[in-house]
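Just so it is clear, the structure is predicted and the values come from calculations on it, not from any experiment.
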Amino acid sequence: MKKILILLSTFALPFNVSAAPYEIQHLEPLSWWVGMKHPELQLMVHGENIAELTPQIDYAGVKLVNIERTDNKNYLFINLLVAADAKPGSMEILFNRDGKRVTKASYKLEARRSGSAQRPSFSAKDVVYLITPDRFANGNPDNDSQPGMLDKVDRSNPVSRHGGDIKGIQQQLDYIADMGFTMIWPTPLLENNQPEYSYHGYALTDYYRIDSRFGSNQEYKNFVAAANKKGMGVIQDIVLNHIGSSHWWMRDLPAADWLNYQDKAVMTNNQHTTIQDIHVAPEDKKRFADGWFVESMPDLNQRNPLVARYLLQNSIWWIEYANLSGVREDTYAYTDAAFLSTWTHYLTAEYPNLNIVGEEMNGNPHIVSYWQKGVKNRDGYESGLPALMDFPVVDILSPVFTSDETSGQGLIKLYEMIASDFVYADPMNLMVFPDNHDLSRIYSRLNENLDLLKSVMLFTATTRGIPQYYYGTEILAKSPIIRDDGLRRSDMPGGWKGDKVNAFTGKGLTARQADAQQYLKTLLNWRKGNSAITSGKLQHYIPQDGVYVYFRYDDAKSVMVVINKNATDTELDLTRFQDRIKSKTQGRDIIAGQTVDLNAPLKLKAMTSRVIDL
């Protein structure tokens, strides 16, 4: 426990620990705000035998409603109401025993930013850049090794820490903005003090602390502000389902039911169908949602109201503290469904414009659509989740583009999957992407075919929904096809001092890499402000002869997209598409920068797709 106190004092937490027999080791949330829509606030206080004490608060506008205790005497939960007219300031919390003060803590109530509740969020108008921070850029080598952090830096080991950090991302904001990205999604930056495999960020060991090898809470806040100044928002990757086995809770669990399968770890069956299956065995359904991924990721029990409140407040805290533009929620379907509905509705009530994208990693659109807000489910369940990651489309991209164009194969599969959009309440709020941190690199899955990669990039940018690209895709990052997470999350060239190749400046890139990078840059910067793409409708035509044509359009603009897989030069008769071309006689090829005659057959170079602004 002494070790914990030392670590906490290093990070200037916003409460003071008095020199008393009852030492407060954790008080969370770290701070709060006045003027929130929801006045309720629950403080978790952790310290040896702290439950023996009775808290007392005398602060205008703050009412102590009650306190809750569990079977662990080292925890006390204080329920408060913070009135709308409460003033920002430092609130003193006194802890008494037998009528005598034993210890005290100072707790900060802050003023909200102007317009915080109505903050804008991400949507189909944006393009998201997904970054694994440890593998992107090492802006501060001095933070690579930190006292008390278990997993050490070793760039020669694909599953060890490599040293990328928040400062590294911030140093490359100009590159990210120039490429045309408007949102940045880093995989989790919170502390993962695990003995090994800690770099990815999904085994949290502290919900309120940025991992010191990435930087500090203040550095994260500064990074978000710097991104905002360049016209970009930041999406935080939140993990509600599980923690890391080295989380400080695991040394002193707050309650006997804090975890699922707390007495003995039981692994999930990973069977996503159990949630909607009308024939499911109850034990199979429970095993899916309550089971652990692996023994290093204990599964949280959100049916415990104290767990639920802790997680809900933590999400609110980071949005407010760091001024976030959205949330990506990890392993969405694995979390308790009733809690998820409470969580999404609570967040969107506090922030009406907030977009939240959930990860339901399944290729069946019926499984995925179940979770989207507005879908009428057979069981009456309403998740309230605005957006979902479009794994049904993503999962078929490489097979579609690498298979022969035969009956039932190739582009027809992509057409049919897009045609399944009727199962969603809002297809424009699906996040579509070529690859991410959990998938092998798209360039490798396309057999390193640059023309096909360009077609996939083009489709991602122009189909309905929110496009997301994984760092390195723009410079032809590769990985094994079989699962190898460490190699999928390879270092971005130029992110480390001494790198011979620099993706950010272009130094050392091959001609093919530079070509791919420029292609995406041209595409994304054209996409900005094009209402036909960012908010317009989609009309597509059944693929024929290796070509899939669709239009994005609104009252003001129209764009024709031609996805072409033909291995030889060919021509496309445009007569079939006159309903959408209408009376227009010319268009402009966005990539080539050339005028296109719409009264003549469209010339298509081998394996080259085209986007034509009408």
Side-chain angles (χ1 to χ4, degrees), residues 159 187-188 190 192 194-198 200-205 207 237-247 249-250 253 255-304 307-308 310-311 315 328-344 356-372 377 379 381 383 385 388-389 391-392 394-395 436-439 482-485 488:
V159 297
T187 54
L190 299 185
N192 273 230
Q194 295 285 106
E196 58 184 0
Y197 209 84
S198 70
H200 60 73
Y202 290 96
L204 307 185
T205 56
Y207 269 98
D237 204 333
I238 285 178
V239 186
L240 302 173
N241 180 66
H242 55 269
I243 56 176
S245 55
S246 296
H247 192 289
W249 283 333
M250 297 302 291
L253 282 167
D257 62 345
W258 202 255
L259 304 176
N260 292 314
Y261 297 111
Q262 187 157 308
D263 295 333
K264 181 181 179 181
V266 175
M267 301 304 117
T268 179
N269 54 29
N270 287 307
Q271 191 61 44
H272 294 242
T273 57
T274 58
I275 300 298
Q276 294 99 298
D277 182 1
I278 61 173
H279 311 294
V280 68
E283 55 267 34
D284 288 341
K285 185 174 182 178
K286 174 179 171 58
R287 180 77 173 267
F288 169 71
D290 291 359
W292 299 20
F293 278 116
V294 289
E295 290 196 13
S296 61
M297 290 183 174
D299 203 77
L300 292 170
N301 174 23
Q302 299 88 14
R303 290 181 296 277
N304 180 322
V307 176
Y310 182 95
L311 294 172
S315 300
R328 183 264 186 182
E329 209 293 296
D330 180 64
T331 54
Y332 194 83
Y334 289 86
T335 308
D336 181 73
F339 165 73
L340 286 173
S341 182
T342 299
W343 178 78
T344 54
I356 307 169
V357 60
E359 179 199 39
E360 169 57 301
M361 200 170 176
N362 192 275
N364 185 335
H366 294 276
I367 298 294
V368 174
S369 64
Y370 177 83
W371 302 101
Q372 192 174 42
N377 290 310
D379 62 1
Y381 177 73
S383 166
L385 179 69
L388 281 149
M389 301 178 71
F391 279 99
V394 173
D395 283 355
N436 71 3
H437 57 292
D438 287 323
L439 301 174
I482 59 172
R483 179 160 186 166
D484 190 321
D485 288 343
R488 291 173 177 177

Could you label the plane-to-plane angle of the Y310 and Y207 rings as parallel, tilted or perpendicular, counting under 30° as parallel and over 60° as perpendicular?
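Ring orientation of Y310 relative to Y207: perpendicular.
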With heavy-atom distances below 4.5 Å as the criterion, would you say the side chains of [X] and [Y] are in contact?
{"X": "L439", "Y": "M361", "value": "yes"}
{"X": "N362", "Y": "F391", "value": "no"}
{"X": "H200", "Y": "T187", "value": "no"}
{"X": "E360", "Y": "I367", "value": "yes"}

Pair L259-L300, side-chain contact (heavy atoms from CB on, under 4.5 Å): steps then yes or no
CA-CA 4 Å; L259 304 176; L300 292 170; 3.9 Å; yes
Closest approach of [X] and [Y], non-hydrogen atoms and distance?
{"X": "S246", "Y": "P195", "answer": "OG-CD, 3.8 Å"}
{"X": "G244", "Y": "P298", "answer": "C-CD, 3.7 Å"}
{"X": "Y261", "Y": "W292", "answer": "O-CZ2, 3.8 Å"}
{"X": "D237", "Y": "P188", "answer": "OD2-CD, 3.4 Å"}
{"X": "D438", "Y": "R483", "answer": "OD1-NH2, 4.4 Å"}
{"X": "H247", "Y": "L204", "answer": "CD2-O, 3.5 Å"}

I need the R287 CZ to N260 CG distance, nearest 0.5 Å.
12.5 Å
Distance (rounded to the nearest 0.5 Å) between N241 CG and F339 CZ:
10.0 Å
Main-chain N/O of [Y] paired to [X] side chain as donor or acceptor, under 3.5 Å:
{"X": "N377", "Y": "D379", "value": "no"}
{"X": "N192", "Y": "L190", "value": "yes"}
{"X": "N301", "Y": "D257", "value": "yes"}
{"X": "E359", "Y": "R328", "value": "no"}
{"X": "E329", "Y": "L240", "value": "yes"}
{"X": "S341", "Y": "A337", "value": "no"}
{"X": "H242", "Y": "V239", "value": "no"}
{"X": "T344", "Y": "S383", "value": "yes"}

Show the numbers, then the answer: is there a side-chain contact (heavy atoms from CB on, under 4.5 Å) between L340 and L385?
CA-CA 8 Å; L340 286 173; L385 179 69; over 6 Å; no
Centroid-centroid under 6.0 Å between Y334 and F293 rings:
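Yes; F293 has its ring centre under 6.0 Å from that of Y334.
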Before we go on, tell me: are the rings of Y370 and H272 under 6.0 Å apart, centre to centre?
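Centroid distance Y370-H272: not below 6.0 Å, so no.
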Between L311 and W343, is the side-chain contact (heavy atoms from CB on, under 4.5 Å) condition met? List the steps.
CA-CA 8 Å; L311 294 172; W343 178 78; 5.6 Å; no
Do Y202 and T331 have side-chain atoms, one donor and one acceptor, less than 3.5 Å apart?
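There is no such pair between these side chains.
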Does a donor on one side chain sit under 3.5 Å from an acceptor on the other, for S245 and Q194?
yes
Evaluate the side-chain contact (heavy atoms from CB on, under 4.5 Å) criterion for residues M267 and E295: first the C-alpha distance (whole Å), next the side-chain angles of each, then the deciding distance (0.1 Å), finally the verdict.
CA-CA 8 Å; M267 301 304 117; E295 290 196 13; 3.6 Å; yes
Presence of salt bridge, D485 and R488, under 4.0 angstrom
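Judged by the 4.0 Å cut-off on N to carboxylate O distance, R488 and D485 do form a salt bridge.
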My understanding is that only one of D277, V280, T273, T274 makes a side chain to side chain contact (heavy atoms under 4.5 Å, CB included) with F288; could you say which?
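Exactly one candidate clears the test, T274.
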Neighbour count above 12 (heavy atom, 6.0 Å) for Q262 CD
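It does: Q262 CD has more than 12 such atoms within range.
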Does atom CD of E283 have more than 12 heavy-atom neighbours from other groups under 6.0 Å away?
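Yes, because the 6.0 Å sphere around CD of E283 holds more than 12 heavy atoms from other groups.
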